[in-house]
Amino acid sequence: MTLPKAYEWKEHEDKIYQSWEDSGMFNPDNLPDGEPYTIALPPPNVTGTLHLGHAVMLAIEDVMIRYQRMQGKKALWIPGTDHAGIATQTKVEKILIKEGIADPRHELGREAFLKRVEEFAAESHDTIVNQAKKMGASLDWSREAYTFDEARSKAVKTVFKMMYEDDLIYKGDRVVNWCPRCKSTLSDDEVEYREEKSKFYYFKYGPVIIGTARPETKFLDKTIIVHPADERYQDMIGKEFDVEWIDGKVAANMIADEAADKDFGSGAMTITPGHSMVDFELAKKHDLPIVKIIDEDGNFTKAAGEFAGKNARESRDEIVARLQEKGLVDRIDEDYVHNLSICYRCDSAIEPLPKIQWFIDVNKKFKHHVSGKEVSLKQLMQEAVKSDDIQIIPDRFNKIYFHWIDNLRDWNISRQIWYGHRVPVWYKGDEIYVGVEEPAGEGWEQDPDTLDTWFSSGLWTFSTLGWPDKTEDYKMFHPTNVLETGYDILFFWVARMILMTTYAVGDVPFKNVYLHGLVRDKDGRKMSKSLDNAIDPLDMIEKYGTDALRLALMVGTTPGNDSRLYEEKIAGYRNFVNKIWNVSRYVLLQEVGDQIKEESLADKWIKSRLADVINKVTADIENYRFSAAAELAYDFLWHEFADWYVEITKFQPNPLLAQEVLETTLKLLHPFVPFVTEVLWQELGKEQMLLISEWPQASEIDRDKKMEKEFALLQDIVIQIRNLRGQYKISYAKQISVYSANNISPQVREIIEKLCKVDFGDKIKDSASTEITNAKYSLTINLGDVIDVVAEQKRLQKEIDKLNGYVIGLEKKLGNESYTGNAPADVVERDKKNLAEKKETLTILRESFEALS
RNA sequence: GGACGAUUAGCUCAGUUGGCUAGAGCGCCUCGUUUACACCGAGGAUGUCGGGGGUUCGAAUCCCUCAUCGUCCACCA
């Protein structure tokens, strides 16, 4: 069998994935009995293609799942996609507009429009599935789910009904976030902020000066708020005023509330209850009327008098001009910087306005159907994390999570977009019906609104397992073990899942949350289309192979921290993958005899090192330190197995052991680089796939630390001799003769001879010889006529000075009683030993120096 | 305004509960094609661990403080 010199991933990856899929082993039903281990894949939005964020997610989760599968668990990784209501609808609208349909929703109508969305979603879905497979993700495709399919709809309606009956879902008339482009409301979390410079106006309003950035909302303002402790307004509080305003006289009054900031502007403000969240709360507190003056299209309502029907934002200048005419403009600040609220999906400016919407009450106490306790949803969310039933990694996100809950207001769950779960509420006259099934009888009309997409994804861990039916899957695989996702959707999704799951099934959705960071470009910028700095995972796979990409996305990253990706990094791991290939190729070329051979020093060493690496890699994966685990396996394969062990086996062969060590190393590497390891596993002639092989185990007994130390000293000597070659520029073509007064075993002697290209011989009386020494070895190296005596003396002097400084420092430390008295005995002992060694080395160096003069 | 993170070699980053003379990859320099690999091998250079203070026998690691960059939350009308 001959393997090509370089690993050709394109020849293997698709075939290997196919063979994994054909084996059925991604499906836990086909795995041997074991403890269940579940991860629900965060479902990608069906808005197009996968990006690097998805690639990171797939890589990390695949590591966890493959590891657990090899540990003998019934490992289940559930795939799926998210219909992502607003995001998908926005995307399709953009496409249709490009196709020349100016107002898609109007021109097509609900049914035709939804058909187009569904076509697009189906296409995206196929692309996504394909990409996930390219990444090597060992997902159980037989259990694939969609947030908008039949089974998930049933779960959605069931939970809605439960919450409605518990009075947790209510219909309320409140100021909500309205996106005039999406023509829909948004939850508070779906609003983003963008800093913007704009004009800030100061107007004369009766006896006070008020400030505002939005004059067009101020038509009907008639309540002035000041701080109760503001001395300027003490005698005006509670009074009424006749104020000349935009559209004539207004009857205003002044009230005191701590919401007013004495130090901002004039300290007095008027409030607009209908078009500001904060003012709305204030208005409710003081029982003020709420009037809608701007409608869903951004136009003035009749309440705005002669301005009715005009676009509000566009009328701003006109309104200011009107006030100017009336002499009511005090001054205008041109450089006012404030945060404009924008829609997280389309960046349009949000228009807060009063609207009747469905809400989930997060503060109301209710009797929980499982525990029977009186709790609120907020309390459920807090309890799940506080009690440690859910562990967030890294744990600093706990604080962020709790802070979010503290600030959480009732969740607006209804949307006016079309692509989504219809609110399962039907009306007939004054009758209202809420249910999973459609109401019987004629004349029922369903609520036109759809549900927030996060309502359905909040049910993901259990809706994917067949809930509300108590299926075998649900019993076996819920709660899931880990929820792995980016920290950017902690609130959107993770928190909502905790809310929905603790409420609906009375259990946590997952035991651990692992949050990864964002993938940025080489300069630390977010990858985006507008910057044109986005890296397409598929391009990288094409260029460097999936295994390389996976490593590049995982190594050198820590949970919760952003990482940077660039091609050189991926190329580096491509090199490593090739190294795996080639060292395996070498091992495979060796004939494995069946004779039992006595183990060499190197054999014992590599076995001990392997045991150590097995333990550490296992511990690191168990503790979510994936980067560290991969690095350890990388380092072992390349810098211990290939660089030392395999080199030594070239003259002290033990092909059987070499192969065994290789096999185990392939197992350790498999979760990280599944493709190349599986290919090699098959080249090794294994019948069973590496995918379901058993994860290696080692105990401390398998380690021989004494042997490792001894071997390290041998390595040290080899490196020192190689160093000399470098220093004196002695080519490897030239043999050097060495002498040792100590007895060195033939095996060790051979290692030194072969690895350093030296010959052992008699002691040479030559001034140009040098001593190389450590705790175990002491060699005299004959440097013949290649040495420059003056240069060597200089070098030695430098080294002596350096070491001398170190020895003095160490002596001082050891002479300090507070140190020797307080530090642990073994630490002091180590220092003492170290000092003795260094002193010895110093003596030898000084002798060498003398010998040269 | 509040919270959090980052600051370690030229670059990108590790560094678990404080403890061997602080590590890796890339890049750079020197040498080298020895029956796996030039996507390679052998070696080398480069760090007041952001600044200052403190705790400790001992600090990259813990505490205080300042600075710079970044993120999230809240939001002043």
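B/rC72 and B/rU30 are spaced 49 Å apart, taking the C1' atom of each and rounding to whole Å. For the P atom pair drawn from B/rU46 and B/rA3, the interatomic distance equals 42 Å after rounding to whole Å. Straight-line distance between the P atoms of B/rU8 and B/rG70: roughly 16 Å, to the nearest whole Å. When the C1' atom is used for both B/rG18 and B/rG54, the distance is 15 Å, rounded to whole Å. Taking atom C1' in both B/rA9 and B/rA24, the straight-line distance is 11 Å, to the nearest Å. Between B/rG41 and B/rC37, the two C1' atoms lie 9 Å apart (nearest whole Å). Comparing B/rC26 with B/rU68, their C1' atoms are spaced 26 Å from each other, to the whole Å. Atom P of B/rC28 sits at a distance of 24 Å from the matching atom of B/rA14, rounded to the whole Å.
Closest to the A/Asp261 side chain, of the nucleotides B/rC75, B/rC76, B/rU12, is B/rC76. Looking at the side chain of A/Arg722, the nearest of the listed nucleotides B/rG43, B/rU12, B/rC73 is B/rG43. Comparing B/rA14, B/rG44, B/rC73 by their nearest atom to the side chain of A/Asn723 picks out B/rG44. Of the candidate nucleotides B/rC73, B/rC13, B/rG44, B/rC73 has the atom lying nearest to any side-chain atom of A/His403. Here the side chain of A/Arg564 is nearest to one of B/rU12, B/rC73, B/rA6, namely B/rU12.
Within the structure, a side-chain polar atom (N or O) of A/Thr558 is placed less than 4.0 Å from OP1 or OP2 of B/rA14. Remark: A/Lys399 is not in phosphate contact with B/rA3, judged by side-chain N or O atoms under 4.0 Å from OP1 or OP2.
Aromatic rings from A/Phe672 and A/Tyr573 are positioned such that their centres are separated by 6.0 Å or more. Remark: aromatic rings of A/Tyr514 and A/Phe626 are close, center separation under 6.0 Å.
Listed by first residue number, the stems of RNA chain B with at least three Watson-Crick or G-U pairs below 3.5 Å are B:1-7 with B:67-73, B:10-13 with B:23-26, B:28-32 with B:40-44, B:50-54 with B:62-66.
Relative orientation of the A/Tyr487 and A/Phe397 rings is parallel, given thresholds of 30° and 60° on the angle between their planes. Between A/Phe641 and A/Tyr645, the ring-plane angle classifies as parallel under the 30° and 60° cut-offs.
Between the CG atom in A/Leu632 and the CG atom in A/Asp620 there is a gap of 5.5 Å [rounded to 0.5 Å].
Within a 6.0 Å radius of NZ in A/Lys650, other residues, nucleotides and ligands contribute more than 12 heavy atoms.
In this structure, A/Asp635 and A/Lys262 both approach RNA chain B, and ranking their closest nucleotides by distance from the 5' end singles out A/Asp635.
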Reading nucleotides 27-41 of chain B 5' to 3', which nucleotides get B (base under 4.0 Å from a protein heavy atom), which S (sugar-phosphate only), which -? ---S-----BBSBSS

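Donor-acceptor pairing under 3.5 Å, judged by distance alone, is present between the side chain of A/Arg625 and the base of B/rU16.
Relative to the ring axis of A/Tyr634, A/Lys579 does not place its NZ or CZ within 45° and under 6.0 Å from the centre.
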